[in-house]
Structures are given as C-alpha cells and as structure tokens.
Amino acid sequence: MTEHDTRRRFLTTSGGLVALALSGCLGDGGGDGEMDGGDGMDGEDGTNGDDGMNGSDETDGDDETDGGDGMAESVAVRIRIENVAPPDFYPADTSTGGAVWITPGAYAVHEGENPIYELGEPASIGLEALAEAGPPTGFEGEEGLVDELDGATEVHRSGAYTPDDTVADPNDPMGSVPGAPPIAPGGAFEFAVDVSPGHRLSFASMFVPSNDVFVSTEEGGIGLWPEDGDPVDGDVTDAVALFDAGTEPNAEPPGTGPDQAPAQDAPDQGADEDGVVRRLSDVDDGHEYPAVEDVVQVTVTPT
C-alpha cells in the first residue's frame, strides 16, 4: 500500500472522522479557509447543526468589547503551523511510510492558562478523540474539543483549522485528494484570528503515527499581544511541546501498532490507559520521538 493510499485509508477509518466531521466546519470567522456545506469532502458531514462550528465560530459575541464604552483595540494575525519533520524519521515500513503527519486541530484565543489540557489531570473526551484519532470535532455522538473550548471560561474565540486551511501538502501534490488531512512534512495550515492586548493562543493537533500523542502549546499558551507591547511577529515554536494524553497505552513503537492512527480500524480502538496528560518528554515508553522543533514550526504574522 502506498503512502498516498494509506492516507486515503486514514480518511475512511480513524481519520475519516476528521474528513466527515470537519465538513461544514470553518477555520476562523475571518473567511480564510472556510468550508461550506458542499466542500467536496463528503455529503455526510458528521456534525450537528449547533456544534459551535457555524458561520460565526468564535465564542461569545461581546468578547471584543472593553466592557465599557466601545470596541477594544484589535488586530488580525495569521497563524501558520508547518510540518517540518523529516520525511523518513521512522522506518519506511511503518504505517505512514516513515513520515510524521499532523492533523487538523482546534484552537482558542484566550486569557490565562491553556484551556485544552491541565498537566497531571485526565484528558477531556474531546482531547482524547483528537489525540487518539485526529478529529477536533470529537468521537461520533460526543462533544469534541472545539465544543469544549467554545464553552470554556476566558476563551474569547475558538474554532478549528480545517482541511481547507491547508496551504501546502506534499502528500497531495496533484490535488487529487482536495483538502485532505493530515499534512505531511512540508505541508502547513494557516488561519487568521483577531486579537487584543493580553490575548494568548493555544492549539492542538494529533501527532501521527501514535496512540495518543498530540502537539500543543505549553501551559501558558502563546502570548499574541503583550499588555505593554506590540502584537507578536515571528517564530513562536518555543512555546510549543509534544504531549501524551494518557488515554491509551503506547504499547508499540510509532507506526507499528494496530491501535494507532492511521493503522487502526476504528477511532476509539485500543485499551484504556486511565492516565493523565503529561509532557511526552516525561513519558518513559522506550520509543523514539522527534523533538517538537523537528515536528512543527509555528509563526505569527500581523496582517
């Protein structure tokens, strides 16, 4: 089976939830990378009508006001999440042909701590779905991470960066799988958000191949606009890390286990670990993983 065929299989099994659930989802309300009901992914979009991913996917409607006499100062920034992993980090006979893939994910513009996880605590059901199978919109019939972020305190905007936010993907050089997740080395997601002083960014995507590894921002998120400074402009990868969700044992090396995406036959396949979220560097499973800076590069650019 070729790597291209393997990714097609990922779309129809574990990753199929990404393709189906993200149909009809939007990136940011700014209009970049929006997906309409006929995006060509699949007629059955797997989402419900009020999952928080409609035409105005940011959270609470008054989050841009200053609580007093008008609109708070804000600017639009573009977030780029690029897969910079080598194409052959793992052996060629692994499920991704040796490459590391990054799935579409969920993001939040917030104040305070990263709302996606809490170190040392169990992962939410939405984070479990993203870390084990990829979809930020959750397991079928369950709330996804995008839904959880939509209702989180101190979150001003949240949503998903979707297949349509893919600006490059060597897995699909001829465009024969339009907008298909996940992205291969050299691929990238881009989306725009409006931010104000004091706002921070957190996001999460699945690290493929794995049982439940994900890439996310550190506990404090990425500072987008310091209260006493200007909007951030540049590389912010130093605020990103790899994490283990603690929801499924890392029984086999990445790319070799039957319960890992993209090899698994069902999104929620595999034994329950009943663990807690930890930095991957603190997990002693005996397997090899790249450093986060060898997986993704994250940049912020005011527009």
Side-chain angles (χ1 to χ4, degrees), residues 25-35 50-82 104-118 124 126-127 130 136-137 144-162 164-165 167 188-205 215-241 296-303:
C25 293
L26 304 181
D28 182 70
D32 296 281
E34 293 187 356
M35 300 175 66
D50 58 354
D51 62 359
M53 300 300 296
N54 53 26
S56 56
D57 64 330
E58 300 101 353
T59 61
D60 67 72
D62 62 355
D63 62 5
E64 291 193 45
T65 66
D66 58 12
D69 56 357
M71 301 297 289
E73 183 181 12
S74 67
V75 298
V77 298
R78 181 162 293 279
I79 312 299
R80 179 180 176 91
I81 301 171
E82 182 176 0
Y107 71 86
V109 175
H110 61 92
E111 297 178 74
E113 297 294 289
N114 184 339
I116 293 171
Y117 67 85
E118 185 175 348
S124 67
L127 179 56
L130 180 139
T137 43
L145 186 55
V146 289
D147 304 299
E148 294 170 352
L149 293 174
D150 182 66
T153 59
E154 295 194 292
V155 170
H156 294 270
R157 296 172 185 80
S158 62
Y161 43 98
T162 73
D164 271 8
D165 294 312
V167 295
F189 297 110
E190 286 189 0
F191 58 96
V193 293
D194 291 330
V195 301
S196 297
H199 283 180
R200 312 185 71 82
L201 173 77
S202 291
F203 69 86
S205 283
V215 57
S216 185
T217 47
E218 292 277 14
E219 292 175 280
I222 297 168
L224 295 174
W225 192 344
E227 293 278 8
D228 57 352
D230 298 320
V232 168
D233 184 359
D235 191 323
V236 294
T237 311
D238 60 355
V240 178
V296 294
Q297 182 180 42
V298 182
T299 53
V300 177
T301 306
T303 60

Exercise for review: Determine yes or no for a side-chain-to-main-chain donor-acceptor pair under 3.5 angstrom, with Glu190 supplying the side chain and Val167 the backbone.
Suggested key: no

Check your understanding: Got Val240 and Phe203 here, is their nearest side-chain heavy-atom distance under 4.5 Å?
Key -> yes

Point to revise | Any side-chain heavy-atom pair of Arg200 and Glu111 under 4.5 Å | key: no

Point to revise | Side-chain H-bond candidate by donor/acceptor type, Asn114 with Glu218, under 3.5 Å | key: no

**Study point:** Any donor-acceptor N/O pair, Thr303 side chain to Ala76 backbone, under 3.5 Å
**Key:** yes

Practice item. Not counting sequence neighbours, which residues clear salt bridge (charged side-chain N to carboxylate O under 4.0 Å, His left out) with Glu219? List them please. Key: Arg279

Study note, to complete from the structure: When every non-hydrogen atom of Leu149 is compared with those of Ala106, the smallest separation belongs to CD1-CB, 4.0 Å

Study note, to complete from the structure: Closest non-hydrogen contact found for Pro104 with Thr162 is CB-CA, 4.3 Å

Study note, to complete from the structure: Residues at least two apart in sequence or cross-chain that pass side-chain hydrogen bond (donor to acceptor under 3.5 Å, both in side chains) with Thr299, listed by chain then number, are none

Check your understanding: Hey, mind stepping through Trp225 and Val77 against side chain to side chain contact (heavy atoms under 4.5 Å, CB included) and telling me if it holds?
Key -> CA-CA 10 Å; Trp225 192 344; Val77 298; over 6 Å; no

Point to revise | All side-chain hydrogen bond (donor to acceptor under 3.5 Å, both in side chains) counterparts of Ser205, not counting sequence neighbours | key: Tyr161

Exercise for review: Using the side chain to side chain contact (heavy atoms under 4.5 Å, CB included) rule, pick out the option among Val195, Val193, Leu224 that qualifies with Val75.
Suggested key: Val195

Show me the donor-acceptor pairs, under 3.5 Å and distance only, between side chains in residues 227-234 and residues at least two apart or in other chains.
none

Exercise for review: For Ala239, enumerate each residue passing the side chain to side chain contact (heavy atoms under 4.5 Å, CB included) test, keeping only those at least two apart in sequence or located in another chain.
Suggested key: Ile222

Check your understanding: Is there a side-chain contact between Ser158 and Asp150, using heavy atoms and a 4.5 Å cut-off?
Key -> yes

**Study point:** Any side-chain heavy-atom pair of Leu201 and Thr217 under 4.5 Å
**Key:** no

Study note, to complete from the structure: Here the gap from Ser202 atom OG to Tyr107 atom OH, rounded to the nearest 0.5 Å, amounts to 13.0 Å

Review point. Just checking, any donor-acceptor pair under 3.5 angstrom between side chains of Ser74 and Asp194?
Key: no

Review point. Any chance the side chains of Thr237 and Asp235 put a donor and an acceptor closer than 3.5 Å?
Key: yes

Exercise for review: Could you grab the distance from atom OH of Tyr117 to atom CG of Leu130, nearest 0.5 Å is fine?
Suggested key: 13.5 Å

Practice item. Show your working on side chain to side chain contact (heavy atoms under 4.5 Å, CB included) between Ile81 and Phe191 and close with a plain yes or no. Key: CA-CA 9 Å; Ile81 301 171; Phe191 58 96; 4.1 Å; yes

Exercise for review: Apply salt bridge (charged side-chain N to carboxylate O under 4.0 Å, His left out) to Glu118 and list each qualifying residue two or more places apart in sequence or on a separate chain.
Suggested key: none

Check your understanding: When rounded to the nearest 0.5 angstrom, what is the spacing between CD in Glu154 and NE2 in His110?
Key -> 9.0 Å

**Study point:** Ala188 backbone acceptor or donor facing Arg80 side chain under 3.5 Å
**Key:** no

